[in-house]
Colleague: 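This is the structure I have questions about; it appears just below.
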Amino acid sequence: MPLKTLRSLLFLPATAEHLLAKATERGADALVIDLEDAIPPDRKAAARPMAQAAVRQLAERGATVVLRVNSDPALWQEDLRGMPVEALSAIMLPKVESLDQVEALAKALIQMRAEQAPPIAALIETPRGVVAAATIASHSALCALGFGSEDYAGALGVPAEPAALTWPAQQVLTCAHAHGLQCWGLAASIAEVDDMLGFARAVDAGRAMGFTGSVCIHPRQVPVVNRGFSPSEQELAWAQRVLAADQAAREQGLGAILLDGRMLDKPIVDRARRWLGLGV
C-alpha cells in the first residue's frame, strides 16, 4: 500500500512470533515490526533474527511492512545488519531530536541499498524533538513524521491528554505538512484498548487536527483508526457534489460558485478531490 494512503500502522513486537500468523488478517494498512520499546534491552540481540524472519514472512504475504529500529546509532546499526531492507516500505526512527540523526540513518541505508533505500519516518517524542521539528522535517529521506504522545507526556511528567498534547501535536503536524509528509499520531493516549468510544473520539479529533493516520498497539484499535481516518459516506457524497458544481462552473466560465451557501474555491475543491482519491 502506498505510504501516502496509510491510516493504521499496527505494532508487532519482533519477539511475538505467535502474532504473525494472523497479523495480515487484522485489517491494518501497515505492520510495524518493533525492535525498540517492545523489546527489553537483554532480549534485543535475540530479537533481531526474529525481526528479519518476520519482515520476510509478512512481505511475502503482501503486507506493507515497516521496521522500528532503536534510537541509539550503535543499536540501529545492529538492527539493520542482515535485515532484508528491500522488503521494507519504511523504517521508523524513534526519539528524533535533530536532523543529524535522520542523516546518519539515511546514509547508512544508501550504503546498504544504493538508490533504493526505504524512506524514513521520524518519530518526534520529546520536547527537544518538537522544537526542532521544522528542521527535521526538511530531510529529503523522510516520508512521514510521527508524534509520540505517550513519550512526550512522560517527558513532561503529565498524563497523555489533549491539554498537554494539543500544541506539540499541532507543531509536528504543521512541520510535516509544510514539507509534504504524512503525519501519524494522536493528541491523546494510544494506550487505550478498552474504551473504544473514547479512543474513537481521540481519532476523530486527530483527523480534524490534520493527522493522516495513527499507530495502533492492539488489533482492537485498527478498525477504529481505519474508520476515523477515512472520509464518511456523507463526506464522500459532499465531495462528489463539490466536483460536479466545480465542473459546471468551469463549463460556464465561472471562477467560483455557491454550494449550500458556501463559496467553492480551490482549497475546498482540492479537499474534495483528496477525499475521493483523485489527488490535487
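Source: prediction; values computed, not measured.
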Colleague: Looking at OG of S98 and NE2 of H139, how far apart are the two atoms once the value is rounded to the nearest 0.5 Å?
Modeller: 10.5 Å
Colleague: Measure across G148 and E125 and return the closest heavy-atom pair with its distance rounded to 0.1 Å.
Modeller: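 Minimum heavy-atom contact is CA-CG, 3.8 Å.
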Colleague: Taking the side chain from N70 and the backbone from D72, do they hold a donor-acceptor pair closer than 3.5 Å?
Modeller: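 Between the backbone of D72 and the side chain of N70 there is no qualifying donor-acceptor contact (under 3.5 Å).
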Colleague: With rounding to the nearest 0.5 angstrom, report the CG to OG distance, L186 to S149.
Modeller: 6.5 Å
Colleague: Looking only at heavy atoms, which two atoms of A137 and C175 are closest? And how far apart?
Modeller: CB-O, 3.5 Å
Colleague: Could you tell me which residues satisfy salt bridge (charged side-chain N to carboxylate O under 4.0 Å, His left out) with E103, sequence neighbours excluded, listed by chain and number?
Modeller: K107
Colleague: Using the ring-ring contact (aromatic ring centres under 6.0 Å, His included) criterion, which residues pair with Y152? Sequence neighbours excluded.
Modeller: F147
Colleague: Which atom pair, heavy atoms only, marks the closest approach of A160 to E150?
Modeller: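 Between these two residues, the closest heavy atoms are CB-OE1, 3.7 Å.
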Colleague: Count I, L, V, M, F, W, Y as connected when their side-chain heavy atoms are under 4.5 Å apart, and connections chain through other members. Are I39 and F11 then in the same cluster?
Modeller: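 Different clusters.
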Colleague: Can you tell which of L105, V96, V69 makes a side chain to side chain contact (heavy atoms under 4.5 Å, CB included) with I120?
Modeller: L105
Colleague: How many angstroms lie between CG in L67 and CE in M83, if you round to the nearest 0.5 Å?
Modeller: 4.5 Å
Colleague: Just verifying a value: how many Å separate K44 NZ and L75 CG, rounded to the nearest 0.5 Å?
Modeller: 7.0 Å
Colleague: For residues 161-213, pull every pair meeting ring pair (Phe, Tyr, Trp, His ring centres under 6.0 Å), keeping only residues two or more places apart or in separate chains.
Modeller: none
Colleague: Just wondering, are more than 12 heavy atoms of other shown residues or ligands nearer than 6.0 Å to CZ in R56?
Modeller: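 More than 12 heavy atoms, drawn from other residues, nucleotides or ligands, come within 6.0 Å of this atom.
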Colleague: Checking T166 now: which residues fulfil side chain to side chain donor-acceptor pair (under 3.5 Å) with it, not counting sequence neighbours?
Modeller: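 T166: no side chain to side chain donor-acceptor pair (under 3.5 Å) contacts found.
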Colleague: Hey, could you give me the CG/CG distance between L181 and L173, rounded to the nearest 0.5 Å?
Modeller: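 If I round to the nearest 0.5 Å, the distance is 11.5 Å.
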Colleague: Answer yes or no: is there a side-chain heavy-atom contact under 4.5 Å between R207 and P231?
Modeller: yes
Colleague: Looking at V65 and A59, what are the two nearest heavy atoms and their distance?
Modeller: CG2-N, 3.8 Å
Colleague: State whether the side chain of T174 and the backbone N or O of Q171 hold a donor-acceptor pair below 3.5 Å, judged by distance alone.
Modeller: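 No.
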Colleague: Checking the side chain of T212 only, and the main-chain atoms of C183 only, is there a donor and an acceptor separated by less than 3.5 Å?
Modeller: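 A pair under 3.5 Å: yes.
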Colleague: Between S189 and E161, is any side-chain donor less than 3.5 angstrom from a side-chain acceptor?
Modeller: no
Colleague: Looking at L109 and P118, what are the two nearest heavy atoms and their distance?
Modeller: CD1-O, 3.7 Å
Colleague: Apply side-chain contact (heavy atoms from CB on, under 4.5 Å) to L6 and Q182, showing your working.
Modeller: CA-CA 9 Å; L6 297 186; Q182 302 302 292; over 6 Å; no
Colleague: Do R48 and E78 have side chains that approach each other closer than 4.5 Å (heavy atoms only, starting at C-beta)?
Modeller: yes
Colleague: Applying the 4.5 Å side-chain criterion to the ILVMFWY set and letting contacts propagate, would L142 and M112 be lumped into a single cluster?
Modeller: yes
Colleague: Is any side-chain heavy atom of L19 closer than 4.5 Å to one of P13?
Modeller: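 Yes. Closest side-chain heavy atoms under 4.5 Å.
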Colleague: Would you please test Q116 and E86 for side-chain contact (heavy atoms from CB on, under 4.5 Å) and show each step?
Modeller: CA-CA 8 Å; Q116 301 179 42; E86 69 280 357; over 6 Å; no
Colleague: Going by heavy atoms in the side chains, are L123 and D151 under 4.5 Å from each other?
Modeller: no
Colleague: For residues P159 and A164, report the shortest heavy-atom separation together with the two atoms involved.
Modeller: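 Shortest heavy-atom separation between P159 and A164 comes out as O-CB, 4.4 Å.
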Colleague: Quick one: side chains of residues 216-225, donor-acceptor pairs under 3.5 Å with protein atoms, not counting sequence neighbours, listed by atom name and distance.
Modeller:
unit_1, atom_1, unit_2, atom_2, d
H218, ND1, R220, N, 2.9
R220, NH1, V193, O, 2.5
R220, NH1, D194, OD1, 3.3
Q221, OE1, I217, N, 2.7
Q221, OE1, H218, N, 3.3
Q221, NE2, I190, O, 2.9
Q221, NE2, E192, O, 2.7

Colleague: If you measure from CG on L10 to OG on S214, what distance do you get to the nearest 0.5 Å?
Modeller: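 Output value for this atom pair is 11.0 Å.
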Colleague: Side-chain heavy atoms nearer than 4.5 Å, only ILVMFWY residues, links allowed to pass through others: does that put I136 and V131 together?
Modeller: no
Colleague: Donor-acceptor pair, K95 side chain versus T126 backbone, under 3.5 Å?
Modeller: no
Colleague: Scan the side chains in residues 24-34 for donor-acceptor partners under 3.5 Å anywhere in the protein, sequence neighbours excluded, and list what turns up.
Modeller:
unit_1, atom_1, unit_2, atom_2, d
T24, OG1, R61, NH2, 2.9
D29, OD1, R7, NH2, 3.0
D29, OD2, R7, N, 2.8
D29, OD2, R7, NE, 2.8
D34, OD1, E36, N, 2.8
D34, OD1, R68, NE, 2.8
D34, OD1, R68, NH2, 3.4
D34, OD2, A38, N, 3.3
D34, OD2, R68, NH2, 2.8

Colleague: Linking I/L/V/M/F/W/Y whenever any side-chain heavy atoms sit under 4.5 Å apart, do F229 and V66 land together?
Modeller: yes
